[in-house]
Every structure is written in structure tokens, then in C-alpha cells.
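Report on the structure given below.
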Amino acid sequence: MRIFSILLAGVMPVSCDAAAPPKATVKSPVKAVAKSAAPVVRAAPQAIGVFRLDRAPQQGSIARGTVPPGTIRLVMNGQDVDFAPDGKFVIGFGRDFDATAIIVAYLGNGQSMSERQTVAKRAWKIESLATVRRYSQPDAEFQARRPGELAQINAARRANVQSDGWRQQLIWPSKGRISGFFGSQRIYAGEPGSPHSGVDVAGGAGAPVVAPADGVVTLAAASPFTLEGNLLIIDHGMGLDSAFLHLSKIHVKLGDVVKQGQLIGAIGATGRASGPHLHWGMKWNNERIDPQPLAGPMPAAQ
Ligand SMILES: [Zn+2]
């Protein structure tokens, strides 16, 4: 069995990896500092722990960080995480992520460094209705078309493109009133409906939609999908992607490389939409991410 030692960096969020308890202790500069320096200096809030995460982990969000020098493998809660040649990486936590994040870097010299992060819970907007949920029977056309649409969506989600968009500060793809919040959920007479998987922007029919970050187009619907309407998916690299639903127009095509701020479409009400709006959903691998806090405050409309 391979033996890993745990190097404690001496800052608060760091802890041992429970899955690989230390079997040997290796002297390291990091450990020496932690032992000899009497007052431990806490890491700045913007740079948390071993991996220098740029934000404290919370549900429905991402955090970016940097692996320690010499890292050959990065793992979060047992899942491998990609990192760039410069050591930068992004990790994400879905709406219902209900666990501690244990991040481990395995180094080329056989050692490992780990960090335990508490993922903060968020209070989602929950609306309880007394009415029973009405199910509409899927019609024959929906049943005939849906498998093909899902196959296209799954293929787009599996795409692994080269893009540095994941490193960027996101911008809003459209401006307007936020008419729907990520994570919101209706409970129908005790039966929970699906949580809202993105943020809705009521920007007006035909209003421009721009790329929130650099990326590569992995899906550009040739005709409206049954639910999503004219659906566009842009992969920002490292497992992070954006989906834009209900568009009236798509201005890019499959495989196009897009730059942040580039015009990619127009707001519409195609698919299952009660009125013209942009639904912007994000995913990191299989975790659904709330774009709103990543894009920051909505700028005033011109
Ligand atoms: Zn929506």
C-alpha cells in the first residue's frame, strides 16, 4: 500500500484527509513554519488554505484555486478534478451539495496535501402551494422528439473543449430585471417540484445576448427544442458551461470559438416559456451552478 503523509499548512481550514491517514511524517518547510511560528497568521479571506480558493465554497457556486507545486493529481471527495498547466483549477458545488469538500493534491514525490472546506448552505426561495400539481400528459410529438434532444444536450455536456473562459470574471449575457432565481422551488400540496436550474432575465423580446465568458459552442439548436426552445450551450473549459434557453435567434454555430461580450443570440420565448426571457443555466460537470453571484450586480439597462 502506498503511504501518503499529510502536510499541515497551519491555517484554519486545513485538515487531514480522513481517507488516507498519515502513516509517516515528512519534514517539510510548511510544517516547520507551522511549528515554529508562534502566532499563526490566518490566510486572507480571498485566499483560503492550501489551495488558495478565491471564494469560500457555498452551495450552487464555484471556487477557483491553485494546486501546490509538484501536484500530479487533484481529487475532491473522491472525484478527479482537472487542473491547468499553471496549476489553476475550478471546482463547483450544486444546489443541494450537502457535504464537506475534502480536496487532496497528490504530489509527484509521493506526499499529499489536503484541505477540508465546509460548503455553506444557502436559503433557497421555496414557495408552498396548497394546490396539487397538474401533470400534462406528454403528447406523441414530445415523446418522439425528446430522446434526440436529450442526446444532443448530453453530447454537448460531455464535450471537452480547450478554453480559458472558466478563468474569467463572468459578465451578464443580457441586461434586465431578474425574473427568476436559481434554486427556487414550488411545493405543490407537499410534493416538491423541480428547483429552477438557472437565472431568468426579462430583457425583452429580441434583446441581445452576449457570451458571459470565452468559450466554444457545443450546441446550437437548428430548430426549437420542445422545452428549451432555441438552445445554445457554450463550454468555458474545465467542465464549466453555460446554457441559454428560449432564444429567438442564435448567431453562432456548433464549434465556433466565442469571446466574452460577443453577440451570440437574441432573447425570445421559444420552447416552454410563459413570455420572452433569457434562462441562463450553468453547470460544473454534473453540478448545477447559480450564475447570478458569479456575474455580480446587474448593470443598469441603457
Ligand atoms: Zn428559467
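Each ligand, and each atom within it, is numbered from 1 in the order the structure gives.
Taking the N/O/S atoms of D200 in turn, the shortest distance to the Zn ion (ligand 1) belongs to OD1. Take the N/O/S atoms of H196: the one nearest the Zn ion (ligand 1) is NE2. Note on H279: its N/O/S atom closest to the Zn ion (ligand 1) is ND1.
A donor-acceptor pair shorter than 3.5 Å cannot be found between the side chains of S184 and W124.
Among all heavy-atom pairs drawn from A273 and H277, the shortest one is CB-CE1, 3.9 Å.
Scanning for salt bridge (charged side-chain N to carboxylate O under 4.0 Å, His left out) contacts around D139 gives an empty result, with sequence neighbours left out. The side-chain contact (heavy atoms from CB on, under 4.5 Å) test applied to L263 returns P208, H251, not counting sequence neighbours.
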